[in-house]
Amino acid sequence: MSPGAWAASDTSAAGGAGGARTALDEPWVLGGVRVPNRVLLAPLAGIGNWFVRLQAKRYGAGMAVSEMVSSHAIHYGNRRTMQELLRIDPREREHGPVSIQLFGQDPDVMRHAARTVAEAGADMIDLNMGCPVPKVCKTGAGAALLSDPERALALARAAREGSGLPVTVKLRCGRRPGDHSGLALAHRLVTDAGVSAIALHPRVASAHHSGQPDYELVAELVRTLDAPVILTGGLRDADHIRAVFAATGAAAVMLARGSLGNPWLFAQLVGARTDAPDPSEVVAELDWVMGCAREHLGEERAGRYLRKFYPWYVARLALEHGCASALRAQLQSAPDLGHARALFASARAPAPLAMSA
Ligand SMILES: Cc1cc2nc3c(=O)[nH]c(=O)nc-3n(C[C@H](O)[C@H](O)[C@H](O)COP(=O)(O)O)c2cc1C
C-alpha cells in the first residue's frame, strides 16, 4: 500500500465520540487519516514490533502503534533500530494505519528521526510523554516532559515539521498523585503545537502500571479538548471496555496488557466473534507468532525473545493451575522453538475459557 493510502477522503467522521453514542466498530478520522474502527493496539516496549502489530490487525485492530523507539538511535542510524524497530510489514497497512512511537528530548534530533520514520512508511507518529522508567525520564524524555511543557511543544512541532505526518501524543495525567499537569499539557499540545489526538493513560507516572485508572479524567479531557482523546489503561475485559468507552466519550480505546496473547479481544470488540478460542486455535496462533519471530530475529534470538510471550498463551489454554505452572516452567527452559511448540501442542485444556478473562 502506498504512503498516504490511508488519507481520508471523507472527513465527516472526524473527531471524538462526543455527542451521539458511537460504536467501537465505527470508522473515524485522525489528523486526516482514516482509521477503520476505534479499537487500537497500544505501544508496548519490547513487544510491539511489526508482527505483534500485524497480529492485532489480523484480528481487527483499526490502528496499531509501535513500541517506543529512541529518536537518538534513529538519528545516529543504530543498525538494530533501523532494521528491526522501524520495520513495517506491508500487510500491516492493509488493515489500517501504522503509527510509530518515538521518544526523546532533543527537538532537532526528533525532527530528523520523524523524517526517517515517514520515509520508512509510517502513516502517523506518536510521541511518548508518559514513560515513567527512570532511564528514560532522567534524559528529560517520557513522563519528565510533563514538567517541561515548552520542550514538549517543541518536540511535537519538530515531529510534525520533520515528518509531514499527523502527530499524536501519549500522556499520563500527571507525575505524582494529585498532579493533573498532563491535562493542561494536552490542551497546549493541541492548540499550540498542532497535535492531532491525545492518548491519555489516567494513572500518574509514579504509579507505573498499577492501581485503578481515573477514567473521570479521560471524560474531563474529552469534554474540554478540541481533538480526539484515546483511552488507555486497565482495558482487559470486553464488557468493561465497552462501558468505559461509552462513559468517557473517548474517540477510541487502546489495548495494552489485555491484548497480550489475546488478539481475540480485538475481534470481540469489533463484533467479529463472540466465542472464546479453542486450544487448537491458541496453539495455531502461537505457531504463527513463532514463525514471524524466527523470520525476524533468527532461530536463536527468537527462542529467547519469545520466552516472555509463552505465559500469555498458556493463560489462554485454561489449564488447571498445576499443569499451567509446570508448562510455563518447561517453556522457559525449552532449548529451541521446536521444543516449545511441541510442549504447547501436547498441552491439554480441560474446558473452553471465558472470552473476556
Ligand atoms: C510491557 C509494557 C510496555 C509498555 N511500553 C510502552 C511504550 O513503549 N510506550 C508507551 O507509551 N506506553 C507503553 N506502555 C504503556 C501501555 O501502552 C498502556 O498505556 C498501559 O499499559 C496501560 O494500559 P493497560 O493497563 O491496559 O495495560 C507499556 C506498558 C507495558 C505493560
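For this chain, numbers begin at 1 and follow the sequence in order. Numbering of ligands and ligand atoms starts at 1, following listing order.
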- Taking any residue with a non-hydrogen atom under 4.0 angstrom from an atom of ligand 1, which ones do you get? A42, P43, L44, A45, M68, Q101, N128, K170, H201, R203, H209, T232, G233, G234, L235, A256, R257

- So, R87 and E92, do they make that salt bridge, N to O below 4.0 Å? no

- Message: For E67, is there an ion pair with R53 - N to carboxylate O distance below 4.0 angstrom?
- Response: no

- Report, as yes or no, whether the 6.0 Å neighbourhood of atom CD on Q332 holds more than 12 heavy atoms from other residues, nucleotides or ligands. yes

- Minimum-distance pair of heavy atoms, taken over all atoms of S181 and L146: OG-CB, 3.9 Å

- Task: With sequence neighbours left out, write down each residue that passes side chain to side chain contact (heavy atoms under 4.5 Å, CB included) with A154, or none if nothing qualifies.
- Result: P107

- Task: Begin from the C-alpha positions of L127 and L189 and carry the test side-chain contact (heavy atoms from CB on, under 4.5 Å) through to its verdict.
- Result: CA-CA 11 Å; L127 297 181; L189 285 164; over 6 Å; no

